[in-house]
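For reference, the structure discussed in these notes is given below.
Each chain gets a letter, A, B and so on, in the order the sequences are listed, and its residues count up from 1.
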Amino acid sequence: MKISRIRGFRDVVSPESDQYEKILRTAESILKPAGFERVFLPILEPTELFSRTIGETTDIVEKEMYTLMDRNEESLTLRPEGTAGAVRAYIEHSEKNQDPTWKIFYYGPMFRHERPQKGRQRQFYQLGVEIFGWSSPWVDAELLSLLQELWSRLGLKDIQLRLNSLGCSKCRTDYRKRLMNYLLPLQNRLCADCQRRIERNPLRVFDCKQEGCRSVVHAAPKTLDSLCEDCKGHRSRLLEGLKTLQVSYEEDPSLVRGLDYYTRTAFEYTSDSLGAQNAIAAGGRYDDLVSQLGGRPTPAIGVAAGLERLSLLLQPDKKEGLKLFVAALGERAAQEVVSLIRNLRNVGISVEWDSEGKSLKSQMRRADRLQAHYVLILGDQELQKREGILRDLQAQTQESIPWEQSLKILIDKLGSKR
RNA sequence: GUGGCUAUGGUGUAAGGGCAGCACGAGAGACUGUGGCUCUCUGAGUACGGGUUCGAAUCCCGUUAGCCACCCCA
């Protein structure tokens, strides 16, 4: 019986996988010089880690988590996002080595039980970046600047940065009160979903796309107006920093994030060419999260970028052609050829061959299809003469080379190119 | 989770109650040891399960999956 993949879980194969690689390589080349270390974090965590951090009333926790019982009756969950696990790791890590700062990035699968759509899978891949231990708005500005650099090096155009400040826990509760006071008398103008949201999570009303709700929200008090002096200062210094670093942005007071732990800076990168699933990366500051999970109070900021959405935006790269195809005719030729192939590969020259003993024509065809630059032909005649034929497929020329020196000759000829 | 649309070789498509065809790709050959162009041949398909009918790719129902919107979000 054929067993097929489960819904929303995909095999990421070439050329998409090549693009994931490219994104990761590029990100690494930007982040490493900025002092970030690459970490590998667990995919499975205690359920409580997510329910406590992301927010009990969020969609993610309420209905999208892959939760399972371990053999010892402990409830475990496949991580729906990366930050909670990173914070957990930070707490354990910083206890050990006394250093309150940590700059990390990681990459891996996340899991949410949503209805699949283009750019939305149940297992999806995120690149996460987290910075622990600094509260200065310069850190926010630098992170946004690194991201801008990443988009630009990946050749992405038309990426918008939307920015908001949600305030610290104090201004958030103040604001929440003001917002509820404003919304309650207007309840009947809101859709059913939003009426429920007022009590549970009034900020979410801002996300609603219903006509009635939008008009109500339009005149609603904004987070920006409720910021305390410190938060206002943080915001304005961040905006100055962005100016200095020439990071372009657009302020969006209605931007609230789907996770409850954000404080102060919240941001989202979107692209117009992705349809409804238009967010390619998002993040923000979460200054209370570390202490909330039992660590020493530590300010932090982070971002998550979705690889499938990024790769949808990337132009496909043309594949690098093969350097050498070895056409060995017969078993004896195969015996001669295999260690040469290994040695060439060991110095970084890409080599393929076909061990099925196909006809020369068939092997030449394959070499052509693989866009090989050269073909090395070894058959009975060549074995007799102890030489091989090296054909340059692009130049359409060929020459005989003495077999005993073939390794050296090939390395000379093919090694340094490109 | 809700609603809509869709499902034919590996890929892209035709047949709209009556013989499942075409193109590309793949494999072999024409060229007996040399790729690309050309030609020939070969393999490969109606997502799955029911129903209507003399007869179903085609009509109906269910399932599954994909896409789109909602929702949500990366």
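- If you check every strand for non-hydrogen atoms under 4.0 Å, A/Arg366 touches nothing.
- Taking atom P on both B/G25 and B/C60, the two are 37 Å apart, rounded to the nearest angstrom.
- The C1' atoms of B/U46 and B/G9 are separated by 10 Å, rounded to the nearest whole Å.
- Distance, A/Leu324 CG to B/U34 P: 19 Å, rounded to whole Å.
- Phosphate proximity of B/A26 to A/Arg369: present, with a side-chain N or O under 4.0 Å from OP1 or OP2.
- Within 4.0 Å (heavy atoms only), A/Leu307 reaches no atom of the nucleic acid at all.
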Give me the distances for all protein-to-nucleotides 62-66 of chain B N/O pairs that come in under 3.5 Å?
{"residue": "B/G66", "atom": "OP2", "partner": "A/Arg7", "partner atom": "NE", "Å": "3.0"}

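- We find that A/Glu92 and A/Arg88 are joined by a salt bridge, their nearest charged nitrogen and carboxylate oxygen being less than 4.0 Å apart.
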Walk me through it: do A/Tyr90 and A/Phe132 pass the test ring-ring contact (aromatic ring centres under 6.0 Å, His included)?
CA-CA 8 Å; A/Tyr90 165 79; A/Phe132 295 96; 4.3 Å; yes
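- Atoms CZ (A/Arg120) and C1' (B/A69) sit 10 Å apart, rounded to a whole Å.
- Searching all strands for a Watson-Crick or G-U wobble partner of B/A23 with both distances below 3.5 Å returns B/U11.
- Between the CE atom of A/Met364 and the C1' atom of B/G35 there is a distance of 5 Å, given to the nearest Å.
- At least one test fails for A/Lys385 against the ring of A/Trp403: distance under 6.0 Å to the centre or angle within 45° of the axis.
- Nucleic acid contact class of A/Thr58 (heavy atoms, under 4.0 Å, all strands): none.
- Contact annotation for A/Gln396: base contact, defined as any heavy-atom pair under 4.0 Å involving a base atom.
- Judged by distance alone, with hydrogens and angles left aside, A/Gln371 brings no side-chain donor or acceptor close enough to the base of B/G35 to form a pair under 3.5 Å.
- As rounded to whole Å, 17 Å separates atom P of B/G1 from atom CD1 of A/Ile60.
- In this model, a side-chain donor or acceptor of A/Gln381 finds a partner on the base of B/G33 within 3.5 Å.
- At least one side-chain nitrogen or oxygen of A/Lys361 sits closer than 4.0 Å to the OP1 or OP2 atom of B/G35.
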Please determine whether ring-ring contact (aromatic ring centres under 6.0 Å, His included) holds for the pair A/Tyr269 and A/Trp151, giving the CA-CA distance in whole Å, both sets of side-chain angles, and the decisive distance to 0.1 Å.
CA-CA 10 Å; A/Tyr269 287 91; A/Trp151 313 145; 5.2 Å; yes
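- Minimum atom distance to the side chain of A/Leu360 is reached by B/G33, of the listed B/A28, B/A74, B/G33.
- Between the C1' atom of B/A74 and the OH atom of A/Tyr20 lies a distance of 11 Å, rounded to the nearest Å.
- When rounded to the nearest whole Å, the span between CG of A/Asp368 and P of B/U38 equals 13 Å.
- Taking atom P on both nucleotides, B/C31 is separated from B/G36 by 14 Å, rounded to a whole Å.
- Counting any heavy atom pair closer than 4.0 Å across all strands shown, A/Leu393 reaches a base atom.
- The two residues A/Tyr286 and A/Gly302 have their closest heavy-atom pair at CE2-N, 3.4 Å.
- One C1' atom belongs to B/C24, the other to B/U6, and the distance between them is 23 Å to the nearest Å.
- In this model, the phosphate group of B/A28 is approached by a side-chain N or O of A/Ser362 to a distance below 4.0 Å at OP1 or OP2.
- Across the P atoms, B/A26 and B/A20 are found 28 Å apart, a figure rounded to whole Å.
- Taking only side-chain atoms of A/Lys358, from C-beta outward, the nucleotide of B/A28, B/A74, B/U34 with the closest atom is B/A28.
- Across all strands, A/Ala276 comes closer than 4.0 Å to base atoms (heavy-atom distances).
- When the P atom is compared between B/C70 and B/G27, the two are found 44 Å apart, to the nearest whole Å.
- Pair assignment for B/C70: B/G1, on the basis of Watson-Crick or G-U wobble contacts that are both within less than 3.5 Å.
- For residues 360-380 of chain A, there are no salt bridge (charged side-chain N to carboxylate O under 4.0 Å, His left out) pairs, not counting sequence neighbours.
- Checking B/A28 for Watson-Crick or G-U wobble geometry (two distances, each under 3.5 Å) identifies B/U40 as its partner.
- Of the two residues near RNA chain B, A/Ala282 and A/Gln277, the one whose nearest nucleotide lies more 5' is A/Gln277.
- Within 4.0 Å of A/Ile389, counting heavy atoms only, lies at least one base atom of the nucleic acid.
- Rounded to the nearest 0.5 Å, atoms CG (A/Leu407) and CZ (A/Arg342) are 11.0 Å apart.
- RNA chain B is contacted by both A/Arg112 and A/Gly275; A/Gly275 maps to the nucleotide lying nearer its 5′ end (nearest heavy atom per residue).
- You'll find a donor-acceptor pair under 3.5 Å spanning the side chain of A/Gln398 and the base of B/U34, going by distance alone.
- In the model, A/Tyr66 has no side-chain atom that pairs as donor or acceptor with a side-chain atom of A/Glu64 under 3.5 Å.
- When both distances must be under 3.5 Å, the Watson-Crick or G-U wobble mate of B/U58 does not exist.
- Nearest to the side-chain atoms of A/Asp380 among the listed nucleotides B/A74, B/G33, B/C71 stands B/G33.
- The environment of CD in A/Glu404 is crowded: more than 12 heavy-atom neighbours from other residues, nucleotides or ligands sit within 6.0 Å.
- Looking at the side chain of A/Asn278, the nearest of the listed nucleotides B/G29, B/U34, B/C73 is B/C73.
- Look at B/U53: it lacks any Watson-Crick or wobble partner with both distances under 3.5 angstrom.
- Of all nucleotides listed (B/C73, B/U34, B/C72), B/C72 comes nearest to the side chain of A/Glu114.
- Nucleotides B/U11 and B/G16 are separated by 24 Å at their C1' atoms, to the nearest Å.
- With 3.5 Å as the limit, one finds a donor-acceptor pair spanning the side chains of A/Thr265 and A/Asp140.
- Between the side chain of A/Glu64 and the base of B/C73, no donor-acceptor pair under 3.5 Å is found.
- Checking B/A47 for Watson-Crick or G-U wobble geometry (two distances, each under 3.5 Å) identifies B/U63 as its partner.
- A/Glu81 has its CD atom 18 Å from the P atom of B/C72, to the nearest Å.
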Please assess A/Leu146 against A/Val129 for the test side chain to side chain contact (heavy atoms under 4.5 Å, CB included), listing each intermediate value before the final yes or no.
CA-CA 10 Å; A/Leu146 289 169; A/Val129 181; 5.9 Å; no
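- Between B/G51 and B/A56, the two C1' atoms lie 11 Å apart (nearest whole Å).
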